[in-house]
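Any value given below was found using the heavy atoms of this structure, including those in side chains, with hydrogens, waters and symmetry copies removed. Being a predicted model, the structure only gives us computed values, none of them experimental. Order of listing sets the numbers, starting from 1, for every ligand and every atom in it.
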Amino acid sequence: MKKHRDVWDRDIEQILLSEGELDEIVTRMAAQIDADYRDKNLLLLCILKGSLVFMGDLMKKLTIPCEIDCMKVSSYGNGSVSSGRIHILLDLHRQDLSEKDILIIEDIIDSGRTLSYLISYLQMGGARSVRAATLLDKPSRREVDYTPDYVGRAIPDVFVVGYGLDYGEKYRSLPYVGILKPEIYEAK
Ligand code: IMP
Ligand code: MG
């Protein structure tokens with residue numbers, strides 16, 4: 001029987017970040033966060049579903065205590081183009097955020113709309129501090145003025161999948177980040 005991996009691998013034009021490179025990036029980011037949040041009350045906030053794999057790997061590498069939580073938001077339809085509007089699909093149900101230092105864990109920043117919206121939303125919710133760590137950043141795509149606090153790797157304007165990132169809910173389980181062949185989404 002064909003494994004999903006074998007089928008999906010064929011839709012990848014180029015591996016952008018191998019498992020080894022991802023491990024190095026996540027290790028470096030965890031060390032920075034460890035140092036910066038030593039005297040804080042860290043709440044890691046995973047933005048579902050794209051950040052699931054990154055969050056899992058990152059939190060295992062932290063040595064400081066932290067709590068975790070999840071939110072689900074959507075800015076994309078089903079395809080590769082952002083709709084520009086943010087919907088909260090799963091909210092953070094916490095009584096008191098006033099002693100929490102929230103670090104949003106994001107898979108990738110494109111227009112910047114999701115993160116700038118989320119940051120003001122959580123600040124209004126009373127968090128003591130709100131910052132963001134993203135595995136990938138496409139700075140050339142920015143539509144709002146936003147600079148993340150921690151960036152794993154800045155990448156050019158290409159559509160990537162794997163390591164949690166999807167196209168139409170596929171490819172999330174690939175262990176690397178790869179550039180999707182344009183014919184896959186142009187055919188739609
Ligand atoms: P933004 O609000 O435009 O910054 O959108 C960020 C969100 O768009 C990410 O959390 C992803 O879910 C999605 N996204 C942006 N670029 C890509 C990509 O290359 N591959 C997969 N998802 C992407
Ligand atoms: Mg996302």
Side-chain angles (χ1 to χ4, degrees), residues 4 8-19 21-22 25-26 29 44-59 68-92 102-123 130-188:
H4 279 176
W8 286 350
D9 282 340
R10 272 193 257 122
D11 295 345
I12 304 302
E13 186 163 85
Q14 187 196 324
I15 293 183
L16 197 61
L17 295 170
S18 67
E19 288 186 71
E21 287 171 310
L22 285 163
I25 290 170
V26 177
M29 294 178 83
L44 292 176
L45 182 58
C46 177
I47 307 305
L48 298 172
K49 297 175 246 181
S51 308
L52 202 59
V53 183
F54 174 42
M55 170 90 161
D57 282 350
L58 182 76
M59 63 192 253
I68 67 164
D69 227 315
C70 298
M71 277 182 77
K72 189 171 179 190
V73 296
S74 79
S75 67
Y76 271 47
N78 282 328
S80 63
V81 182
S82 174
S83 70
R85 271 177 310 182
I86 316 297
H87 303 273
I88 294 184
L89 305 176
L90 174 71
D91 207 345
L92 183 64
I102 298 180
L103 184 60
I104 302 171
I105 306 298
E106 197 32 319
D107 51 358
I108 187 163
I109 304 177
D110 185 88
S111 69
R113 288 185 195 283
T114 307
L115 265 185
S116 45
Y117 174 86
L118 266 178
I119 288 171
S120 19
Y121 180 80
L122 293 162
Q123 281 168 341
V130 185
R131 301 173 84 196
T134 187
L135 177 67
L136 303 171
D137 188 12
K138 292 184 195 172
S140 67
R141 298 263 308 166
R142 212 63 102 245
E143 290 168 22
V144 294
D145 185 23
Y146 173 70
T147 310
D149 303 282
Y150 304 90
V151 177
R153 178 70 66 84
I155 65 168
D157 181 13
V158 287
F159 196 82
V160 290
V161 294
Y163 199 70
L165 290 117
D166 76 309
Y167 172 68
E169 293 302 329
K170 293 199 252 174
Y171 310 106
R172 291 193 197 275
S173 57
L174 291 174
Y176 55 80
V177 173
I179 300 175
L180 192 62
K181 286 181 179 166
E183 62 250 41
I184 303 292
Y185 48 89
E186 278 164 8
K188 292 277 151 136

Donor-acceptor side-chain pairing of Y167 and D11 below 3.5 angstrom: no
For ligand 1, the portion of D107 having any non-hydrogen atom under 4.0 Å away: side chain
Heavy-atom side-chain contact between Y150 and L103 under 4.5 Å: yes
Donor-acceptor contact present, side-chain S111 to main-chain E143, <3.5 Å: no
Any side-chain donor near an acceptor of the partner, Y146 and D137, under 3.5 Å: no
Geometric class of the Y171/W8 ring pair [parallel <30°, tilted 30-60°, perpendicular >60°]: tilted
Atom indices of ligand 1 within 4.0 angstrom of L165 heavy atoms, with elements: 20 (N), 21 (C), 22 (N)
Contact atoms of ligand 1, heavy-atom distance to G112 under 4.0 Å: 1 (P), 3 (O), 4 (O)
Option of least heavy-atom distance to atom 21 (C) of ligand 1 (set: L180, I108, V161, V160): V160
Within-4.5 Å side-chain heavy-atom neighbours: I155 and V177: no
Side chain, backbone, both or neither: the part of D110 lying under 4.0 Å from ligand 1 by heavy atom: both
Distance filter under 4.0 Å to E106 heavy atoms, resulting ligand 1 atoms: 10 (O)
Part of E143 within contact of ligand 1 (heavy atoms, under 4.0 Å): neither
Per-atom contacts, ligand 1 versus K138 - under 4.0 Å to a heavy atom: 16 (N), 17 (C), 18 (C), 19 (O)
Per-atom contacts, ligand 1 versus T114 - under 4.0 Å to a heavy atom: 1 (P), 2 (O), 5 (O), 6 (C)
Per-atom contacts of ligand 1 with V158, taking only distances under 4.0 Å to non-hydrogen atoms: 19 (O)
Donor-acceptor under 3.5 Å (D149 side chain, A132 main chain): yes
Beyond-backbone contact of I12 with K181, side-chain heavy atoms, under 4.5 angstrom: no
Close-contact set for ligand 1 against D166 heavy atoms, below 4.0 Å: 21 (C)
Main-chain N/O of V151 paired with T134 side-chain donor or acceptor, under 3.5 Å: no
Proximal candidate to atom 3 (O) of ligand 1 [heavy atom criterion; set S116, G162, S111, G164]: S111
R141, portion touching ligand 1 at heavy-atom distance under 4.0 Å: neither
